[in-house]
Amino acid sequence: MAAIEQSDVPPHRKGLVSWFNRRGWSDIIIATPYIWLLVFFFLSFIIVVAMSFATRTPTAPPFSFGGEHPLINLDGYKRLFQDSLYIRAFLTSVVNALIATALCLLIGYPMALGLTRVSRAWRNILLMLVILPFWTSFLLRVYAWMGLMSNNSWFNRGLTSIWNWVVPTDWALRSIPMMNTNFAVVLVMVYSYLPFMILPLFANLEKLDQTLDEAAMDLGSRPFQVFRDVTLPLSIPGIIAGGLLVFIPAAGELIIPSLVGNSSQPMIGRVISDEFASARDWPMASSVAVALLLLLVLPMMLYTHFDAKAQERMKDEP
Amino acid sequence: MPSPQPVSAPVNTAGADPFVRIEAVTKRFGSFTAVDDVSLSIYKGEIFGLLGGSGCGKTTLLRMLAGFEDPTSGRIWLDGQDMTGVPPYERPVNMMFQSYALFPHMTVEKNVAYGLKHERMTDAQRKDRVREMLDLVQLTQFAHRKPHQISGGQRQRVALARALARAPKLLLLDEPLAALDKKLREHTQFELMNIQSQTGVTFVVVTHDQEEAMTLSDRIAVMDKGQVRQIGTPNDVYEYPNSRFVAGFIGSITTFEATVRKIEGQNAILDVPAMGGVKIGRSVPGLTEGEKVTLALRPEKIRLGRERPDDPNSFSGVVSGLGYLGKDSLYRIALPDGQIVTVNSVNARRVGEDERVADWEDQVWLSFDPTSAILLRN
């Protein structure tokens with residue numbers, strides 16, 4: 001598989017390398033993550049899929065494969081379409097996640113581009129600042145936002161006074177209702193997921209050859225046209241990578257909508273959690289989980305498929 | 001302060017107004033002076049070479065012509081227009097980048113058409129122009145390929161076509177042949193010259209390769225440490241270098257310390273310790289008797305023989321090294337005082353190894369024409 005070339009290795013390590021190659025250790029080491037994924041993702045997922053076809057029972061565990069519909073019970077999937085709760089939850093999730101992704105892109109792109117244009121010393125400091133929030137607990141940061149958005153916080157009072165100063169007096173507010181809204185969900189998701197947009201975009205933009213910008217400028221393009229014609233199209237892979245890294249966890253997000261969201265407009269993660277823990281309807285929870293996965297994975301697979309086809313076409317062209 | 005650079009009269013453009021005038025241009029990056037008080041003129045329709053080693057300021061000078069860098073002081077005039085503060089996208093100048101900088105997401109055709117987007121012309125005119133450019137560089141059949149699907153030589157031609165498409169007044173070429181292999185480079189040199197004469201566009205070529213500069217350029221500026229050392233035709237800078245640096249940078253030389261014994265009109269008699277009295281034709285004006293000077297000899301200007309020649313400038317030595325290069329041979333001759341002289345002799349006749357003019361340890365005679373020696377003032 002991945003035998004290490006003897007010639008690349010300093011002499012004092014050759015013994016170790018030949019031992020590594022001879023004993024097949026390299027195969028084992030490379031296989032480890034795949035085995036991990038197989039056991040802890042793929043097999044678990046198979047269990048979830050199987051459970052989604054089971055029947056709910058008041059036993060422990062609360063499902064069985066017998067009863068009226070032996071082995072395959074499609075009730076869970078039927079209810080997905082019958083009960084508007086699920087469809088609305090899916091819609092809320094997708095819309096919130098899309099808005100959050102778009103905002104992350106709008107905020108993150110200039111930041112990533114800026115990171116590539118500053119001196120090396122500044123770049124390290126700024127990158128550090130982007131990553132720094134990860135050093136505090138995620139939950140703590142969401143709680144901090146809850147404090148900021150609550151009606152009596154200095155933050156809310158400050159925003160309220162700006163609002164009251166700008167709008168006519170009939171519209172004046174005591175405080176801006178931010179908590180328990182979709183706005184709050186999107187705001188906190190943008191805050192939390194911004195680094196996942198910036199980092200892949202930065203990795204992509206950093207690799208772009210800046211003489212291309214000079215060439216475009218030399219050929220008569222103004223700075224904005226250079227960005228539109230050269231930088232933007234060449235950064236599409238970074239946009240897609242960052243977009244997927246934000247959209248997928250945002251669509252399935254549980255904690256943020258539970259803490260700052262509107263409970264009458266649940267997101268799908270909340271629905272899965274409730275079905276599983278409160279309603280103890282494991283087959284229904286599994287059906288929703290499988291549907292969510294399909295919803296998230298299908299667009300990605302379609303994209304990969306068409307991208308591969310486009311690459312193929314480019315090679316075939318005479 | 002260095003004095004204004006000597007500019008020798010352009011042979012092919014005598015009397016013409018300069019098309020590009022670089023006036024006392026200096027460029028500093030922090031405390032580093034990349035270009036130091038450079039003044040030079042470039043004439044319409046010529047291929048002007050900027051030659052020098054790495055870090056000599058030639059690329060910075062080119063980037064200032066393109067508008068990517070602003071001079072710290074001094075001015076650049078192009079066709080009577082002051083270019084100070086004019087951004088690159090408003091200059092009638094295009095550049096061919098060393099890395100070619102082709103847009104990887106566009107086809108060859110789109111790359112060439114890119115600069116025309118900003119020109120006022122109909123779609124049909126634009127299409128015609130692209131076709132014309134692709135014909136010029138013989139790439140019509142590759143119009144729909146992307147840059148990564150063509151060879152290095154083809155990419156170089158796309159870069160040339162793209163830079164020429166907007167019919168610039170001035171085309172800047174940054175090491176245009178450096179990324180090509182040797183065979184392709186020779187072929188492309190002549191192609192570039194052909195295209196230049198077909199289009200009539202003024203070329204400024206930056207190169208570190210003296211052979212490339214010599215074949216391509218009508219005139220060459222030799223640069224060192226941010227300054228222009230000499231400007232002239234390839235023949236001028238090779239045969240009449242004005243300094244030890246230029247003499248040594250273009251081609252190779254052997255130098256001798258000498259004293260002026262006598263001046264006879266155009267000629268001078270020098271005392272060279274290793275050779276005795278030496279006669280020099282075409283001396284330097286203003287030379288005084290008794291002055292210490294440097295005599296420089298190019299390897300191919302020295303004749304080598306076994307017998308003492310009937311020549312005023314002859315001296316003898318022992319062969320201390322011999323390199324057979326096929327078309328010519330390089331001899332290293334040790335003079336009695338220990339100095340080594342390099343002599344290049346063309347192998348005009350086919351001879352076997354044992355019939356060579358001279359072999360290791362042989363006593364030989366060297367001589368040169370009075371007009372072939374280079375006299376450099378110290």
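Chain A is the first sequence line, chain B the second, and so forth, proteins listed ahead of strands; every chain is numbered from 1.
- Using a 4.0 Å cut-off between charged nitrogen and carboxylate oxygen, Asp229(A) and Lys117(B) count as a salt-bridge pair.
- Counting heavy atoms of neighbouring residues, nucleotides and ligands inside a 6.0 Å radius, atom CZ of Arg28(B) does not exceed 12 of them.
- For chain A, no part of Leu116(B) is nearby; none of its heavy atoms comes within less than 4.5 Å.
- Residue contact with chain B, scored on non-hydrogen atoms closer than 4.5 Å, is absent for Asp213(A).
- Between Phe103(B) and Pro233(A), the closest side-chain pair of non-hydrogen atoms is not below 4.5 Å.
- Listed by chain and residue number, nothing satisfies the salt bridge (charged side-chain N to carboxylate O under 4.0 Å, His left out) test with Glu212(B) (two or more places apart in sequence, or in another chain).
- The neighbour count for Phe134(A) CZ, taken as heavy atoms of other residues, nucleotides or ligands under 6.0 Å away, is above 12.
- Only the side chain of Arg63(B) comes within less than 4.5 Å of a heavy atom of chain A; its backbone N, CA, C and O stay farther away.
- Leu212(A) places none of its side-chain heavy atoms less than 4.5 Å from the side chain of Phe97(B).
- Using a 4.5 Å heavy-atom threshold, the side chains of Glu214(A) and Met95(B) count as separate.
- Contact annotation for Glu90(B): only side-chain heavy atoms (C-beta onward) come within less than 4.5 Å of a heavy atom of chain A.
- Side-chain contact check for Gln98(B) versus Thr211(A): every heavy-atom pair is 4.5 Å or farther apart.
- In this structure, chain A has a heavy atom under 4.5 Å from the side chain of Met106(B), while its backbone stays farther away.
- Across all their heavy atoms, Gln225(A) and Tyr114(B) have their closest contact at O-OH, 4.0 Å.
- The contact between Asp209(A) and chain B is made entirely by side chain atoms (from C-beta outward), counting heavy-atom distances below 4.5 Å.
- Of the residues considered (Pro88(B), Gly67(B), Ala159(B), Ala163(B)), Pro88(B) shows the highest number of contacts with chain A, using heavy-atom pairs under 4.5 Å.
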Between Asp218(A) and Phe68(B), does a side chain to side chain contact (heavy atoms under 4.5 Å, CB included) hold up when you go through it step by step? CA-CA 9 Å; Asp218(A) 186 68; Phe68(B) 296 131; 3.9 Å; yes
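- For chain A, the option among Leu102(B), Leu172(B), Asn94(B) with the highest count of heavy-atom pairs below 4.5 Å is Asn94(B).
- The salt bridge (charged side-chain N to carboxylate O under 4.0 Å, His left out) pairs that include a residue from residues 79-88 of chain B are Arg75(B)-Asp82(B), Asp79(B)-Lys169(B), where partners are two or more places apart or lie in different chains.
- Looking only at side-chain heavy atoms (C-beta outward), His118(B) and Ser221(A) come within less than 4.5 Å of each other.
- The environment of CE in Met300(A) is sparse: at most 12 heavy-atom neighbours from other residues, nucleotides or ligands sit within 6.0 Å.
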